[in-house]
Q: 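The structure under discussion is supplied below as structure tokens; questions concerning it will follow.
Each ligand, and each atom within it, is numbered from 1 in the order the structure gives. Along the sequence shown, the residues carry numbers beginning at 1. All of these numbers come straight from a predicted model, not from anything done at the bench.
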Amino acid sequence: MNIDIQNLSIDQIQQAFKAKKFSSEQLTKAYLNNIKKDKTNSFITINKQALAEAKEADQRIKQGKGTVLTGIPLAVKDIILYEGLKATAGSKILENYIASYTATALQRLKDAGMVVIGKTNCDEFAMGSSNENSYFGPVLNPRDHSKVPGGSSGGSAAAVAANLAPVALGTDTGGSVRQPAAFCGVVGLKPSYGRVSRYGSMAMASSLDQIAPLANTVKDTAYILQTMAGYDPKDATSSNKEVPKYIAKKEAKKLRLGVPKEYFSDNINKEVKEAVEQQIEALKSKGFKVKQVSLKYTDYALAAYYLLMPAEVSSNLARYDGLLYGLMADKKLSLEEWYNTVRSQGFGAETKRRIMLGTYILSAGYYDAYYKQAQKVRTLIKQDFSRVFKEVDVLITPATPSTAFALGAKTQDPLQMYLSDIFTVSANIAGICGLVLPIAKDGNNLPIGVQLLADSFAEDKLFTLGNYIENEHRG
Ligand code: GLN
């Protein structure tokens, strides 16, 4: 059976199920076939149970017990645990690690009937902006194989863009879902901090991490959030705020829009800047109220992020010592030799760089100068957003300073690489939510994304505006 699986949305799949055009099993087979032929290196592990899960979903639909997600294939970043499947976090140190339980967010999607198709490639422990830090090799951008897909959820974004799965999960600590979404031309949502349980997502920087969906449409990310959001007793930082109905249609034009001037400097790629400006003009011409605002601490966000994040990384990654799980060393070694062997052989260069940086930042002599100072900046950035969100509902910014860059272009210069996160890290620092969707292409036919930001727990506003732009008016 030949199924056209180009850019399928969840609604389209459900309609096809209803019309008996294809079953979940047939659909899953079609994606698995695409994965077999794929050249992007998006997957680390294929779920051998995928077809069995799909059959089960078909049964459930037949019995009239399906949800909107039943039978929908899902690709999962390899940093999120799914019981019984390998979970490597893109690292040699966990090359053969099998997850012993399932992350809460993923379990909720499973309970709704989703089919896990496989685990996607990512930068090691979610550290990177190009997916070139994976032990399992780089992921190629499906739109142009000479370009990076973005990172660290590069495999998840590429999987959706290359029609290897209609929906994927990634994690976003500083932009790792939004930046690859922009580079690959798909939709990526970073939920507010605390909206989704982090239980079962291997921690990179716990005060910044969120599990986050990637999909072909804005509505699809809303469906996913609707199901996975909400309090989880296993994650003390998950919020017990009620999960609203995200799918309800709301009037987009009632939203007050803000354009933060600091996000439109001349240092960013001209085509990206123009596309976003054009989108803003288009919204204005449709009667949206748009106001220029200022987020004056924006310039300090990246510096604060690259202090806070490695500090947390150095502490979170201390657990990978090969004593309980993962890479082991020769049993004859002394404890110190064991640690040295496992950690120096198991971690890649970028991970080591951040562990060292974080350890330095947290050490007695430097804690006040770096860590404490960065925490103060974090508060200022949060206050900046709180003030602005009293005046506007949604901020519109570029998602990235450029379109997808060439493989290898920034690997020798970490600072250049870190600059790719300049527009995304602030949302994680402040704990607010953000949505990226494609709005245009550059001269080389590479996607350009727009970023929408809203206050904590105001995801509904992102969906309303995102939906409007996607369906009614791209710039
Ligand atoms: N690119 C950023 C970094 O390397 C973001 C990572 C992420 O969001 N997981 O830290």
Side-chain angles (χ1 to χ4, degrees), residues 76-80 89-91 120-134 138-139 148-157 168-184 188-193 196 198 201-214 301-314 316-317 347-358 361 374 399-402 404-405 409-411 413-436 449 451 453:
V76 180
K77 185 178 186 178
D78 213 19
I79 199 159
I80 300 169
S91 181
T120 53
N121 202 345
C122 57
D123 282 306
E124 186 173 25
F125 289 101
M127 293 186 254
S129 310
S130 66
N131 220 122
E132 292 167 294
N133 295 337
S134 167
V139 174
V148 302
S152 64
S153 311
S156 291
L169 288 185
T171 57
D172 194 311
T173 302
S176 276
V177 151
R178 288 164 290 153
Q179 188 250 17
F183 279 11
C184 292
L189 167 79
K190 179 232 172 268
S192 310
Y193 188 74
V196 178
R198 291 181 295 109
S201 170
M202 290 186 226
M204 172 188 164
S206 314
S207 79
L208 303 158
D209 298 344
Q210 274 291 283
I211 294 181
L214 291 133
L302 203 62
Y305 174 79
Y306 276 94
L307 290 169
L308 297 170
M309 174 274 295
E312 294 188 31
V313 163
S314 72
N316 273 328
L317 269 56
F347 288 134
E350 182 62 23
T351 302
K352 286 181 198 160
R353 177 167 22 245
R354 296 195 194 193
I355 292 173
M356 285 195 283
L357 200 61
I361 291 161
T400 49
S402 73
F405 46 85
K410 302 189 185 203
T411 39
D413 187 348
L415 281 182
Q416 274 306 315
M417 189 70 95
Y418 297 167
L419 280 170
S420 6
D421 306 322
I422 192 138
F423 298 139
T424 48
V425 293
S426 296
N428 304 74
I429 291 179
I432 61 172
C433 54
L435 180 77
V436 163
Q451 175 176 242
L453 297 172

Q: Contact residues of ligand 1 with a heavy-atom cut-off of under 4.0 Å?
A: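 For ligand 1, the contacting residues are A126, M127, G128, S129, S152, D172, T173, G174, G175, S176, M204, Y305, Y306, M309, R354, D421.
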Q: Check I361 against A311 and note the closest heavy-atom contact, atom names and distance.
A: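 Heavy atoms of I361 and A311 come nearest at CG2-CB, 4.5 Å.
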Q: Where do A181 and G188 come nearest, in terms of heavy atoms and distance?
A: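 Distance-wise, the nearest heavy atoms are CB-N, 3.7 Å.
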Q: Taking only residues two or more places apart in sequence or in another chain, which ones pass side-chain hydrogen bond (donor to acceptor under 3.5 Å, both in side chains) with R198?
A: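 R198: side-chain hydrogen bond (donor to acceptor under 3.5 Å, both in side chains) contacts with Y193, T237.
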Q: Provide the full list of salt bridge (Lys or Arg N to Asp or Glu O under 4.0 Å) pairs with a residue in residues 168-184, sequence neighbours left out, each pair given once.
A: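 Counting only pairs at least two positions apart or across chains, the salt bridge (Lys or Arg N to Asp or Glu O under 4.0 Å) contacts touching residues 168-184 are D172-R178.
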Q: List in chain and number order the residues that pass side-chain hydrogen bond (donor to acceptor under 3.5 Å, both in side chains) with S426, two or more places apart in sequence or in another chain; answer none if no residue qualifies.
A: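 S426 satisfies side-chain hydrogen bond (donor to acceptor under 3.5 Å, both in side chains) with no residue once adjacent residues are dropped.
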Q: Rounded to the nearest 0.5 Å, how far does NZ of K190 lie from OG of S153?
A: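 It is 12.5 Å, given to the nearest 0.5 Å.
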